[in-house]
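Data first, discussion second: the structure below is written as structure tokens.
Please read these numbers as outputs of a predicted model, since none were measured by experiment.
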Amino acid sequence: MSDNWKNPLGMFDVKDKVALITGVSGAFGAVAAKALAGAGCKLVLAAGNEKALAEVAAECTDLGADVAQLAIRPSDEAACGRLVQLAVEAFGSLDVLVVASGMNKVAKIDALTPDDFEGVMDANVTQSWLLARAASSQMKAQSRGGKIVLVSSARGLLGHPAGYTAYCASKAAVDGITKALGCELGEDNITVNAIAPTVFRSPLTAWMFEDDEKAKAFRDGFLARVPKGRLGEPEDLIGPLLFLSSRASDFYTGHILYADGGYTAG
């Protein structure tokens, strides 16, 4: 009898796996770092904001994780290569990549400059591709597979009237990269999937959770589209992340997993 029947929860075990997480100064990156720290991963953490990076790294250390950190954005091929090399130097390998770095620029199309558009596309699309390229090369060399988790959004599937042309386009492109690499890297036992949240609690969205009139008006309109009837919490992202980072998802690749309370279902 397979050990999976005796201990099915063992399929979600990521203890001692080496995970590289970018964008840990942002909400999802911090969640990913702390979740994988608590689950027993060895971590390589990256962010451009050195102070915020140090704070998240300290939290992960307090959770019992071995942590290496580098204050760098994955802005070019060399930077992405440095991050992968740090994982190998610090821990000997790389098993999981979580790309949580990115940006948004909200503006209607007549106010959004070409530089603004290209900046969002570079941060969300090109840098995701560069990181996946560097990480998959190392994973192939190790010959034991790996897990790549990109961060998309419900806006990769749905538009928005407030001025999201750059963001929606970028996340739709992340979805395309996820599907294409899922096909391409399957033979190397590397899975590529994306988590696509809708609104969840973070420093940027804290106002949406308040009790003032503006926040209530937003929630009334937004929650009319959310079958679960609430906004997302950081903890809602932990389960999908552990699934996609562990062998429980070995037969799942090229998927976009919507963490949205059913927002995209209706």
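Between the side chain of Ser245 and the backbone N or O of Leu242, no donor-acceptor pair lies under 3.5 Å. A donor-acceptor pair under 3.5 Å is formed between the side chain of Ser249 and the backbone N or O of Phe243. A donor-acceptor pair under 3.5 Å links the side-chain atoms of Asp76 to the main chain of Ala78, judged by distance alone. Of the possible donor and acceptor atoms, one in the side chain of Asp95 sits under 3.5 Å from a partner among the backbone N and O of Val18. The main-chain N or O of Ala162 is found under 3.5 Å from a side-chain atom of His160 such that the two form a donor-acceptor pair. Of the possible donor and acceptor atoms, none in the side chain of Arg201 sits under 3.5 Å from a partner among the backbone N and O of Thr205. For the pair Ser246 (side chain) and Met11 (backbone), a donor-acceptor distance under 3.5 Å is present. No donor-acceptor pair under 3.5 Å is formed between the side chain of Ser137 and the backbone N or O of Ala134. A distance-only check finds a donor-acceptor pair linking the side chain of Gln142 to the backbone of Leu94 [under 3.5 Å]. In this structure, the side chain of Thr253 engages the main chain of Val192 through a donor-acceptor pair within 3.5 Å.
Counting all heavy atoms, side chain and backbone alike, Gly261 lies closest to Pro227 at O-CD, 3.2 Å. Here the shortest heavy-atom pairing between Ser101 and Pro74 reads OG-CG, 3.6 Å.
Looking only at side-chain heavy atoms (C-beta outward), Arg133 and Glu77 come within less than 4.5 Å of each other. Lys147 places none of its side-chain heavy atoms less than 4.5 Å from the side chain of Leu97.
Counting only residues at least two apart or in different chains, side-chain hydrogen bond (donor to acceptor under 3.5 Å, both in side chains) contacts with residues 167-183 comprise Asn124-Ser170, Ser152-Asp175. Under the side-chain hydrogen bond (donor to acceptor under 3.5 Å, both in side chains) criterion, the residue pairs touching residues 210-231 are Arg230-Asp236, with sequence neighbours excluded. For residues 173-220, every residue pair satisfying the ring-ring contact (aromatic ring centres under 6.0 Å, His included) rule, not counting sequence neighbours, is listed here: Trp207-Phe218, Phe218-Phe222.
Shown are Leu63, Val98, Val31; of these, the side-chain contact (heavy atoms from CB on, under 4.5 Å) with Leu36 is made only by Val98.
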### Task
Could you please spell out the steps behind the side-chain hydrogen bond (donor to acceptor under 3.5 Å, both in side chains) verdict for Asn4 and Arg247?
CA-CA 11 Å; Asn4 293 334; Arg247 62 188 180 90; 3.0 Å; yes
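Taking NZ of Lys105 as the reference point, atom CG of Asp115 lies at 11.0 Å (rounded to 0.5 Å).
In this structure, Leu43 is a member of the same hydrophobic cluster as Phe12, with clusters built from ILVMFWY side-chain heavy atoms closer than 4.5 Å. Note on Ile256 and Leu131: separate hydrophobic clusters, where clusters join Ile, Leu, Val, Met, Phe, Trp and Tyr whose side-chain heavy atoms are under 4.5 Å apart, directly or indirectly. Note on Phe28 and Val149: same hydrophobic cluster, where clusters join Ile, Leu, Val, Met, Phe, Trp and Tyr whose side-chain heavy atoms are under 4.5 Å apart, directly or indirectly. Connection of Leu130 to Val151 is not established within any shared hydrophobic cluster, with ILVMFWY side chains joined at heavy-atom distances below 4.5 Å, either directly or through further cluster members.
In this structure, a donor-acceptor pair under 3.5 Å is present between the side chains of Arg144 and Ser93.
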